[in-house]
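Each chain gets a letter, A, B and so on, in the order its sequence line appears, and its residues count up from 1.
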Number of protein chains: 2
Amino acid sequence: MTTKQRSTKQGAAVRDALRTSGGFRSAQDVYAVLRGDGGSVGLSTVYRHLQSLVDEGVVDVIHNADGEATYRYCGDTGDHHHHHLVCRRCGRTEEIEGRAVERWAGEVAAQHGYAQVDHTVELFGVCPSCTRRRR
Amino acid sequence: MTTKQRSTKQGAAVRDALRTSGGFRSAQDVYAVLRGDGGSVGLSTVYRHLQSLVDEGVVDVIHNADGEATYRYCGDTGDHHHHHLVCRRCGRTEEIEGRAVERWAGEVAAQHGYAQVDHTVELFGVCPSCTRRRR
DNA sequence: GAGCTTACCGGTAATCATTACCAACTACCA
DNA sequence: TGGTAGTTGGTAATGATTACCGGTAAGCTC
């Protein structure tokens with residue numbers, strides 16, 4: 001556990017790119033953005049930082065329909081369990097928590113005798129802005 | 001829409017392999033099993049059939065933690081919306097339906113003004129058998 | 001600030017699941 | 001039985017993610 005974390009500009013760049021994005025982005029997206037901003041980051045570095053951010057718990061991951069991993073900065077809320085409502089058009093994301101769902105999941109699992117239950121719950125839709133903009 | 005479905009032994013083999021398995025299996029798994037049974041199926045063929053079974057609605061797909069696609073035969077129940085409680089040890093799967101969750105999902109989405117809402121809900125745990133067997 | 005140690009970078013090669021191709025094959029209908 | 005078009009399966013191609021590894025620079029000490 002003696003992981004000496006060194007703070008580098010690349011690390012900050014990746015974190016900021018995700019934070020300002022506000023939604024779920026793929027590693028390749030982040031890489032493209034950073035490259036577009038003129039910065040010179042390596043693809044390996046992007047993947048590396050995304051992974052450690054996930055380990056730290058400040059970033060959430062979900063796999064899209066293609067199985068591609070997408071990351072989202074969830075900062076402080078990272079320590080408590082929550083889910084997402086993602087706009088499938090623009091990627092905008094709302095954090096939601098479902099007391100009800102948590103309870104339900106626990107009950108269902110118990111009924112079937114399953115232990116050590118974990119769950120994934122994600123909602124996808126079209127956000128107000130996108131709904132207004134296009135039809 | 002003039003899709004003439006021809007019935008071939010390979011198609012049946014893939015379907016049966018999934019059906020008798022009872023849980024979520026990756027394409028590679030199915031391929032390995034079919035190969036192990038002495039049958040000679042092509043990897044392409046396996047992927048092709050899995051995909052069409054998904055399109056037919058008799059097979060469900062979810063991506064595991066590695067982003068790898070896993071398929072499960074859900075047969076008749078395939079036409080109505082349901083979720084799964086998967087044993088992360090042996091892959092055994094129970095079908096569950098959550099009236100409560102559906103309602104909750106709809107409400108949350110409405111509150112945020114999201115339209116065309118869809119959702120994914122999967123529960124993972126350790127089934128009774130596996131709990132008994134090891135610990 | 002100079003020097004050192006070592007974590008970190010980033011380009012490239014390797015891995016792996018999934019898809020695209022395409023020539024050989026065969027289910028199905030007349 | 002013959003013809004035709006959907007199907008097969010081996011192989012090459014694609015695309016995301018990871019492994020390597022020599023070079024670079026953050027943070028500490030003096």
Side-chain angles (χ1 to χ4, degrees), chain A residues 1-18 21 23-56 58-73 91, chain B residues 1-18 21 23-56 58-73 91:
Chain A
M1 271 290 137
T2 21
T3 318
K4 255 185 244 179
Q5 273 289 42
R6 219 175 253 190
S7 84
T8 67
K9 63 185 68 167
Q10 290 90 341
V14 171
R15 185 182 358 255
D16 290 345
L18 256 197
S21 158
F24 279 94
R25 306 296 171 200
S26 72
Q28 306 283 342
D29 285 344
V30 175
Y31 176 64
V33 170
L34 292 179
R35 257 348 190 14
D37 284 352
S40 88
V41 226
L43 184 54
S44 316
T45 305
V46 172
Y47 273 104
R48 209 155 18 210
H49 277 105
L50 287 176
Q51 190 50 57
S52 44
L53 288 172
V54 170
D55 293 341
E56 279 177 49
V58 293
V59 163
D60 279 3
V61 203
I62 63 182
H63 290 87
N64 62 24
D66 299 325
E68 189 181 6
T70 56
Y71 307 80
R72 174 170 192 274
Y73 187 86
Chain B
M1 270 292 133
T2 20
T3 319
K4 255 185 244 179
Q5 272 289 43
R6 220 176 252 189
S7 84
T8 66
K9 64 185 70 167
Q10 290 90 340
V14 171
R15 187 182 355 257
D16 290 344
L18 256 196
S21 159
F24 279 93
R25 306 296 170 201
S26 72
Q28 307 283 342
D29 284 345
V30 175
Y31 177 63
V33 169
L34 292 180
R35 258 344 188 19
D37 284 353
S40 89
V41 224
L43 183 53
S44 317
T45 305
V46 172
Y47 273 104
R48 210 156 17 211
H49 276 104
L50 287 176
Q51 190 50 57
S52 44
L53 287 172
V54 170
D55 293 342
E56 278 177 49
V58 294
V59 162
D60 278 3
V61 203
I62 63 181
H63 291 86
N64 62 23
D66 299 325
E68 190 181 5
T70 56
Y71 308 80
R72 174 171 192 273
Y73 186 85

Protein and nucleotides 24-26 of chain D: nitrogen or oxygen contacts under 3.5 angstrom:
| from | atom 1 | to | atom 2 | distance (Å) |
| --- | --- | --- | --- | --- |
| D/dA26 | N3 | A/R6 | NH1 | 3.4 |

Minimal non-hydrogen separation, B/V41 against B/Y31, with atom names:
O-CE1, 3.2 Å
May I ask you to evaluate whether [X] reaches the phosphate of [N], defined as a side-chain N or O under 4.0 Å from OP1 or OP2?
{"X": "A/H49", "N": "C/dC8", "result": "no"}
{"X": "A/Q5", "N": "D/dG27", "result": "no"}
{"X": "B/S44", "N": "D/dT8", "result": "no"}

Please report the distance, rounded to the nearest Å, between [atom1] in [X] and [atom2] in [N].
{"X": "A/L34", "N": "C/dG10", "atom1": "CG", "atom2": "P", "value": "10 Å"}
{"X": "B/Q10", "N": "D/dT8", "atom1": "CD", "atom2": "C1'", "value": "6 Å"}
{"X": "A/Q28", "N": "C/dG10", "atom1": "CD", "atom2": "P", "value": "16 Å"}
{"X": "A/L50", "N": "C/dG10", "atom1": "CG", "atom2": "P", "value": "13 Å"}
{"X": "A/D29", "N": "D/dT17", "atom1": "CG", "atom2": "C1'", "value": "15 Å"}
{"X": "B/Y47", "N": "C/dC16", "atom1": "OH", "atom2": "C1'", "value": "9 Å"}
{"X": "B/L43", "N": "D/dA13", "atom1": "CG", "atom2": "P", "value": "17 Å"}
{"X": "B/I62", "N": "C/dA17", "atom1": "CD1", "atom2": "C1'", "value": "17 Å"}

Rounded at 0.5 Å granularity, tell me how far [atom1] in [X] sits from [atom2] in [Y].
{"X": "A/R48", "Y": "A/Q10", "atom1": "CZ", "atom2": "CD", "value": "9.5 Å"}
{"X": "A/L53", "Y": "A/Q51", "atom1": "CG", "atom2": "CD", "value": "9.0 Å"}
{"X": "B/K9", "Y": "B/D16", "atom1": "NZ", "atom2": "CG", "value": "13.5 Å"}
{"X": "B/H49", "Y": "B/E56", "atom1": "NE2", "atom2": "CD", "value": "9.0 Å"}
{"X": "B/S21", "Y": "B/D29", "atom1": "OG", "atom2": "CG", "value": "8.0 Å"}

Can you check whether B/H63 reaches B/F24 side chain to side chain, under 4.5 Å on heavy atoms?
no
Side chain of A/T45 - closest among C/dG10, C/dT18, D/dG10
C/dG10
Under 3.5 Å, is there an N or O donor on one side and an acceptor on the other linking the side chain of A/R48 and the base of C/dG10?
yes
Select base, sugar-phosphate, or nothing to describe what B/S40 touches, counting heavy atoms under 4.0 Å on all strands.
sugar-phosphate
